[in-house]
Amino acid sequence: MDPSVGDLNSPHSMGTTIIGVTYNGGVVLGADSRTSTGVYVANRASDKITQLTDNVYVLQIRKLSLIMCATFSINTRPRIQLGQPATVKVAANLVRLLSYNNKSMLQTGLIIGGWDKYEGGKIYGVPLGGTILEQPFAIGGSGSTYLYGFFDQEWKEGMTKDEAEKLVVKAVSLAIARDGASGGVVRTVIINSDGVTRNFYPGDSLLLWHEELEPQNSLLDILSSSSSEPMVS
């Protein structure tokens, strides 16, 4: 087999774009849907937003069997020890503990987001190694390298739910346009005091960026419509 075309049996790529954003009243989580095997797109519509509890979700770069263990632990341990469902902070710390205890095997970053009645909407990042960081927004995956400057400019305190979701969808569409490992559709999850809302944005409804637009009145248009005769000085 030609090694230049990749191996169909390669593990799923970690290329992706995952985003969590707080707003005035809750959080919005978003992700693209592309997973790859070698240089091939294995799945164009995978769901990278996984429910941990009724009010807490995790964004993962790739599907992890350990997250299923975390889901069971987060659903049962706080109820036994505290007599109530896990808060976002408790859920994030249990994921952090799981990540730290398996740091030699768990080569992926995670974003945990949710809402509880004590602290409202919260976003926590758990990067490689098991550190935990509370953040107003968190971005991860290969597409995130194109988004740091964008978020520095576009994110703001006190956004509404609609503003936050539009920001997430716009950011993921930008990553899809720039990052070859991100693609497919955009999925979002909104979590607030009213519960959870899932939304789906197909690829043909996403915002187009500069390289994806047809050139208009550009130098190339002028040259293509001009005579092919050589210029005479």
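Positions are given from 1, in the same order as the sequence printed here.
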For D194 and K161, run salt bridge (charged side-chain N to carboxylate O under 4.0 Å, His left out): C-alpha distance rounded to whole Å, both residues' side-chain angles, the deciding distance at 0.1 Å, then the answer. CA-CA 12 Å; D194 295 327; K161 178 181 71 174; over 6 Å; no

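- Between Y57 and V196 there is a side-chain heavy-atom pair separated by less than 4.5 Å.
- Between the side chains of S142 and D179, a donor-acceptor pair is found at a separation under 3.5 Å.
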Would you check, one step at a time, whether the test side-chain contact (heavy atoms from CB on, under 4.5 Å) holds for I139 with T17? CA-CA 7 Å; I139 51 181; T17 301; over 6 Å; no

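- Other residues, nucleotides and ligands place no more than 12 heavy atoms under 6.0 Å from the CZ atom of R44.
- When T50, V95, L128, L98 are each tested for a side-chain contact (heavy atoms from CB on, under 4.5 Å) with L110, only one passes: V95.
- One distance of note links CD1 of I111 with CG of L133; it measures 11.0 Å at 0.5 Å rounding.
- Classified by interplanar angle (parallel below 30°, tilted 30° to 60°, perpendicular above 60°), the ring pair F137/F151 is parallel.
- The side-chain contact (heavy atoms from CB on, under 4.5 Å) test with I19 is passed by exactly one of L147, V28, L29, T188: L147.
- A donor-acceptor pair is defined here as one N or O able to donate and one able to accept, closer than 3.5 Å; such a pair exists between the side chain of D116 and the backbone of V88.
- Residue-environment remark: NZ (K156) stays at or below the threshold of 12 foreign heavy atoms within 6.0 Å.
- Residue Y100 places its OH atom among 12 or fewer non-hydrogen atoms of other residues, nucleotides or ligands, all under 6.0 Å distant.
- Side-chain N or O atoms of D32 include one that pairs as donor or acceptor with a backbone N or O of G183 at under 3.5 Å.
- Residue E165 comes nearest to Y201 through the heavy atom pair OE2-OH, 2.9 Å, listed as atom of the first residue, atom of the second, then distance.
- Remark: the backbone N or O of R34 is paired with a side-chain donor or acceptor of K48 at under 3.5 angstrom.
- Judged purely by atom type and a 3.5 angstrom limit, N55 uses its side chain to pair as donor or acceptor with the backbone of W115.
- A donor-acceptor contact shorter than 3.5 Å links the side chain of T22 to the backbone of P136.
- Between the N192 side chain and the G25 main chain, no donor and acceptor come within less than 3.5 Å of each other.
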